[in-house]
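Structure first, commentary second.
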Amino acid sequence: MRQVKPQSRTGVRTVPKRSAKAAPGKRRNTSAMSGAGRRRERPSGRVAEWFERLREGDFATRPFTWGTVALIALVGIYGFGVGGHAQAMRDAASAQANRLLALSGISIQDVRVIGRSHTRKDELLAAVGVERGDPIFGFDTETARQRIERLGWVETATVTRLLPDTIRIEITEREPFALWQRGGELSLIDASGRPITDEGVQDFAHLPFIVGFGAPRAAPELLKLMRAEQPQLLSRVRAFVRVSDRRWNLRLENGVDVKLPESGVAAALAMLAAHDSKHRILSRDIAAIDLRLPDRVTVELTETAMNGTGLATEAKANKGVLRPGQAARGGNT
């Protein structure tokens with residue numbers, strides 16, 4: 001028996017529903033499922049996402065672009081600084097500011113010096129290196145101090161600004177200690193042995209006279225000893241002669257040479273003073289006195305004395321014999 005398909009009351013045929021099937025292009029890709037069918041989680045944050053893309057080979061050009069720009073900027077800043085351009089700009093700006101201040105009245109108009117006695121004025125002003133009207137803030141006090149302390153007479157110096165228009169210089173000069181002769185040249189030295197000047201040394205003829213290389217370094221010790229223990233003998237010394245930079249010869253005012261040993265100088269001087277007090281040998285007709293041997297005093301007679309008209313030929317000493325005309329071992333060394 002033929003079945004008649006139901007019709008709607010409106011006369012429109014009802015089309016039976018077909019079973020739902022996924023379109024070929026919209027089918028799910030089951031290969032994208034991992035492991036137990038779980039979906040890969042998306043990284044949280046921009047940085048983590050960028051690293052995830054970088055790992056997968058998905059390179060974004062924007063970060064590299066900004067990195068390149070930053071690198072170029074850093075290289076430019078470094079080159080600007082190393083090349084001295086930044087310092088040149090700062091110096092130019094500072095110089096311009098100082099010129100403006102000078103025009104407004106803040107400039108060097110006076111230089112005051114305190115403590116100068118022997119230092120020449122022209123040498124001091126040349127070391128300072130300023131002129132009237134120079135910007136006072138452009139004046140480098142530390143550089144000026146270093147130049148001033150290179151002058152022979154100056155031991156220390158202090159340089160300060162006194163606003164609005166004055167530079168104040170306070171110096172401490174070296175104390176003259178002795179006149180030093182070496183190689184035919186004469187210099188004035190201080191107690192440390194440093195040369196002060198070669199000019200005007202005739203004004204210091206009253207100072208001790210030392211001769212020979214190495215004498216300035218060794219003279220302070222000997223002079224200190226003689227001032228403390230033998231001041232009367234020191235007053236009779238005209239020159240201190242350094243021999244081979246090892247020991248001293250004393251040239252007395254009457255021309256007698258006193259040869260001191262390398263060591264035991266204090267004992268040798270005491271023995272000489274005792275003999276002079278007893279025999280007045282320093283006032284006799286002798287050429288030299290040798291104290292290099294610890295047990296005797298040996299004298300060298302002049303020609304007049306050797307003819308029998310001068311010093312007696314033999315006298316007893318505390319630790320030996322006073323013998324004329326016999327040089328000590330070692331010669332004049």
Give every donor-acceptor pair under 3.5 Å between a side-chain atom in residues 217-239 and any protein atom, sequence neighbours left out.
unit_1: Arg217; atom_1: NH2; unit_2: Asp245; atom_2: OD1; d: 3.2
unit_1: Arg217; atom_1: NH2; unit_2: Asp245; atom_2: OD2; d: 2.9
unit_1: Ser235; atom_1: OG; unit_2: Gln232; atom_2: O; d: 2.6

Taking only residues two or more places apart in sequence, or in another chain, which ones meet Arg161 in a salt bridge (charged side-chain N to carboxylate O under 4.0 Å, His left out)? none

Donor-acceptor contacts, no H, no angles, side chain residues 142-150, under 3.5 Å, sequence neighbours left out:
unit_1: Glu142; atom_1: OE1; unit_2: Arg145; atom_2: NE; d: 3.2
unit_1: Glu142; atom_1: OE2; unit_2: Arg145; atom_2: NE; d: 3.4
unit_1: Glu142; atom_1: OE2; unit_2: Arg145; atom_2: NH2; d: 2.5
unit_1: Glu142; atom_1: OE2; unit_2: Gln146; atom_2: NE2; d: 3.1
unit_1: Thr143; atom_1: OG1; unit_2: Asp140; atom_2: OD2; d: 2.8
unit_1: Arg145; atom_1: NH1; unit_2: Glu149; atom_2: OE1; d: 3.0
unit_1: Arg145; atom_1: NH1; unit_2: Glu149; atom_2: OE2; d: 3.2
unit_1: Arg147; atom_1: NE; unit_2: Ala127; atom_2: O; d: 2.6
unit_1: Arg147; atom_1: NH2; unit_2: Ala127; atom_2: O; d: 3.1
unit_1: Arg147; atom_1: NH2; unit_2: Val128; atom_2: O; d: 2.9
unit_1: Glu149; atom_1: OE2; unit_2: Ala157; atom_2: N; d: 3.0

Only counting residues at least two apart or in another chain, list the ones meeting side chain to side chain donor-acceptor pair (under 3.5 Å) with Asp198. Ser187

Residues in side chain to side chain contact (heavy atoms under 4.5 Å, CB included) contact with Asp110, at least two apart in sequence or another chain: Arg112, Thr166

Share the residues that join Leu207 in a hydrophobic cluster, the rule being Ile, Leu, Val, Met, Phe, Trp or Tyr side chains under 4.5 Å apart at the heavy-atom level. Trp153, Leu179, Leu186, Leu188, Ile196, Val201, Phe204, Phe209, Val211, Val241

Under the rule for salt bridge (charged side-chain N to carboxylate O under 4.0 Å, His left out), what residues qualify as partners of Glu155, not counting sequence neighbours? none

Test side chain to side chain donor-acceptor pair (under 3.5 Å) applied to Asp190 - qualifying residues, sequence neighbours left out: Arg174, Ser192

By side chain to side chain donor-acceptor pair (under 3.5 Å) - contacts of Thr119 (at least two apart): Glu173

Using the side chain to side chain contact (heavy atoms under 4.5 Å, CB included) criterion, which residues pair with Ala191? Sequence neighbours excluded. Phe177

Could you pull out all residues at least two apart from Glu262 that satisfy side chain to side chain donor-acceptor pair (under 3.5 Å)? Arg246

Salt bridge or not for Lys121 and Glu123, using N-O below 4.0 Å? no

With Ser263, which residues qualify under side chain to side chain contact (heavy atoms under 4.5 Å, CB included), at least two apart? none

